[in-house]
Amino acid sequence: PRQINRWPSNESSEPPTDSPRVLITGGLGQLGVGLAEMLRKQYGKENIILSDIRRPPAEVYNMGPFVYADVLDYKNLRELVVNNRITWLVHYSALLSAIGEANVALARTINITGLHNVLDLALENCLRLFVPSTIGAFGPSSPRDPAPDLCIQRPRTIYGVSKVHAELMGEYLHHKYGLDFRCLRYPGVVSAHTKPGGGTTDYAVQIFHDALSTGQHECYLRSNTRLPMMHISDCHRATIEFMQAPESQLSLRTYNIAAMSFTPEEVAEEIRKHLPHLRVTYNPDTIRQTIADSWPVRFDDSNARQDWGWKPAYGLSELVTDMLASIREKRT
Ligand code: AKB
């Protein structure tokens, strides 16, 4: 680490949590804008700064502060944290599973070097640091049904390897220096307003758009490939509730969170209750099918439920109803 400024470990001197000043990296991916919106409702617009290396659409500028931040540029990050009195960092910048396999060197740089930068920055500035992990942090030798929090993790993608590395580095720095590192393993996230990019679970978003536009979806996974999934608003709520949880409630620093598990066939069947004419064909592609086959089919999230009260609001039927309504609304 570049410099370590340690919080005293007794509870009474925890960093302030009532009004955090939050920086979100990789803010223009699937999750950043929605998380910023939810955080801004609780903590005020000016306290939540979204960042990315791309120029956002006008509506993002209008929603609240947006800045340029390159996770590979330590000085740029440090300047943002210092100038804006940041206390929480949400590190969303990463290349996902499928695109990572097509760009291994870039995935290694962004997912591992970028992570090292934010870990150092969090240590130096006593930040509460959230880094998402994923069902992709498990591999073919992990228990798959369900996958518990603590078990064998031997992923076979650079994405998975980088996420196991993030879990271990964060936990190591927590134990050694008291870094307030927090990590949730997300399932595939399903959202209407933002598209995922380069993941193995992306079909679970695309199928809704196809159902409403052409009525036809070609799925790159087999019909019976079961994966853990979650509605985006549950994902944001879990993240915020976990970030707000007092340290004393956390028996772990990395938790699985779950909501539902479904196959392409099952989600298609549920969509057909609203759109009976949906036609799905299956054309499994080798890379994504192999990745999906190595991932858990179900997540055991009992520790998150017990320690900090995690409870999802959306099951499959609520998710499908909401996705169709939200996409329809956006189209009109
Ligand atoms: C991906 O498919 O790569 C991501 C994930 C499950 O982490 N959506």
Side-chain angles (χ1 to χ4, degrees), residues 25-26 28-32 34-35 90-104 106-108 110-112 114-115 130-140 142 144 146-147 149 153 155-167 183-209 219-222 225-236 238-239 254-264 267 284-301 312 319 323:
T25 68
L28 297 182
Q30 188 189 10
L31 303 174
L35 184 78
V90 175
H91 181 51
Y92 274 163
S93 162
L95 249 64
L96 298 185
S97 56
I99 196 165
E101 289 313 286
N103 301 275
V104 175
L106 184 64
R108 198 182 68 173
I110 293 179
N111 295 11
I112 299 180
L115 170 87
F130 178 82
V131 180
S133 185
T134 158
I135 49 173
F138 296 90
S142 307
R144 296 179 65 219
D149 284 316
Q153 287 176 266
R156 297 248 176 103
T157 59
I158 185 65
Y159 176 60
V161 168
S162 71
K163 289 299 184 182
V164 176
H165 178 72
E167 295 176 5
C183 176
L184 292 179
R185 295 197 190 104
Y186 290 162
V189 176
V190 183
S191 58
H193 300 298
T194 48
K195 287 201 173 181
T200 302
T201 59
D202 294 9
Y203 90 85
V205 173
Q206 192 58 44
I207 194 170
F208 289 97
H209 291 277
C219 187
Y220 55 76
L221 295 180
R222 279 194 310 269
T225 308
R226 183 178 302 283
L227 290 169
M229 300 279 182
M230 179 175 279
H231 186 279
I232 190 165
S233 76
D234 271 344
C235 177
H236 291 326
T239 305
T254 302
Y255 288 90
N256 294 344
I257 47 163
M260 68 194 91
S261 280
F262 58 72
T263 64
V267 70
D285 90 49
T286 326
I287 292 181
R288 286 177 287 190
Q289 187 64 56
T290 309
I291 294 174
D293 288 342
S294 76
W295 285 359
V297 298
R298 237 177 293 269
F299 248 181
D300 175 354
D301 65 351
L319 175 127
M323 282 294 288

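Both counts, for ligands and for their atoms, begin at 1 and track the order of listing. All heavy atoms count here, side chains included; hydrogens, waters and symmetry mates do not.
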Within the protein, residues bringing a heavy atom under 4.0 Å of ligand 1, chain by chain | Leu96, Ser97, Thr134, Ile135, Tyr159, Gly199, Thr200, Thr201, Trp295
Test side chain to side chain contact (heavy atoms under 4.5 Å, CB included) applied to Arg144 - qualifying residues, sequence neighbours left out = Val297
Give a yes-or-no answer on whether the side chains of Glu167 and Ser133 include a donor-acceptor pair shorter than 3.5 Å.
-> yes
Is there a donor-acceptor contact under 3.5 Å linking the side chains of Tyr159 and Thr200?
-> no
For a side chain to side chain donor-acceptor pair (under 3.5 Å) with Tyr186, tell me which candidate from Thr239, Thr201, Asn256 qualifies.
-> Thr239
Partners meeting ring-ring contact (aromatic ring centres under 6.0 Å, His included) with Phe138 (sequence neighbours left out) = Phe299
What residues form a salt bridge (charged side-chain N to carboxylate O under 4.0 Å, His left out) with Arg108, not counting sequence neighbours?
-> none
